[in-house]
Amino acid sequence: MDFLNLLKEKNILLTDYQIHQFERYYQLLVEWNEKMNLTAITDRDDVYFKHFYDSLTISFDFPFSSQSLIDIGAGAGFPSIPLKIIYPDLKITIVDSLGKRIQFLKMLIKELELDHVEAIHTRAEDYVKLYRESFDLATARAVARLNILDELCLPFVKENGYFLVLKGKAGEEELKEAKKGIKILGGQIIKDVSFALSKDQDYRHNIIIHKIRKTPSQYPRLFGKIKKQPL
């Protein structure tokens, strides 16, 4: 399968069990997608490439090990569940505001026998009141524009931690408009890795932001304010 060969090119060799986990993930995603809207992509090769492989591309430029990671608005579990399968020592918390998606994720975590993973039904701006600056890493993929995401995610990250953002072709433009906010929130842009995911010019931007200072206590604001007046 192309998926395995693509990972092999990046020196990622899957065990039989990891291959089984990805296959079961695909089966459950398609099965539950008939009951709720989890993804518009259901073709097997497309799921493996545009969801599983795409989620893992961030690991080509960032070292994952046993860090604590919060995934904001993970939807059907991207990028955190594929990352957990490859890096089983990660300690993951997934936050999503839609109860049905959390129901799917809880079932998925159990079925894939993933430990140290929890799925929480809440909004990021509420959850941060309990877990401010508690995580080594925060991730987000296809949730909102970066000048909104930065205020939802950076407050969760410990000083000297990282915010890892997976973006599409608008990533460069979004990064420009979010630069000021990222700085205010204590972040420093380390790199923006741009690449074509496929030959049909399916462009991606993986952005790595280092948390160099604590986030000022007035952030995050209420979501309505964040959306209406991004930093």
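Taking 4.0 Å as the cut-off between side-chain N and carboxylate O, Lys227 and Glu151 do not count as a salt-bridged pair. Between Arg44 and Glu23 there is a salt bridge, since at least one side-chain N of the basic residue sits less than 4.0 Å from a carboxylate O of the acidic one.
Applying the 6.0 Å contact sphere to CG of Asp16 captures no more than 12 heavy atoms from other residues, nucleotides or ligands.
Put simply, Ile92 and Ile58 are part of the same group of oily side chains (I, L, V, M, F, W, Y) that touch within less than 4.5 Å, one to the next. No path of Ile, Leu, Val, Met, Phe, Trp and Tyr side chains, each step under 4.5 Å between heavy atoms, connects Leu164 with Val157, placing them in separate hydrophobic clusters. Tracing side-chain contacts under 4.5 Å through hydrophobic residues (I, L, V, M, F, W, Y), one reaches Leu83 starting from Tyr25; they form part of the same cluster. Residues Leu222 and Val128 are members of separate hydrophobic clusters, defined by side-chain heavy-atom contacts under 4.5 angstrom among Ile, Leu, Val, Met, Phe, Trp and Tyr.
Between the side chains of Thr39 and Asn33, no donor N or O sits under 3.5 Å from an acceptor N or O. Side-chain atoms of Gln21 and Arg24 form no donor-acceptor pair, as typed in the model, at a separation below 3.5 Å.
Here the two rings, on Tyr53 and Phe60, have centers that are under 6.0 Å apart. Between Phe156 and Tyr131, the gap from one ring centroid to the other reaches at least 6.0 Å.
Contacts classified as salt bridge (Lys or Arg N to Asp or Glu O under 4.0 Å) and involving residues 73-84 (residues at least two apart or in different chains) are given here: Lys84-Asp115.
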Can you list the steps and then say if Arg221 with Glu125 is a salt bridge (charged side-chain N to carboxylate O under 4.0 Å, His left out)? CA-CA 8 Å; Arg221 298 164 294 165; Glu125 61 272 30; over 6 Å; no
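The distance from the CD atom of Glu172 to the NZ atom of Lys167 is 14.0 Å, given to the nearest 0.5 Å. Distance OH/Tyr127 to CD1/Ile72: 9.0 Å, rounded to 0.5 Å.
Relative to the six-membered ring of Phe223, Arg123 meets both conditions, a distance below 6.0 Å and an angle of at most 45° to the axis.
Using bins of under 30°, 30° to 60° and over 60° for the plane-to-plane angle, the ring pair Phe22/Tyr48 lands in the tilted bin.
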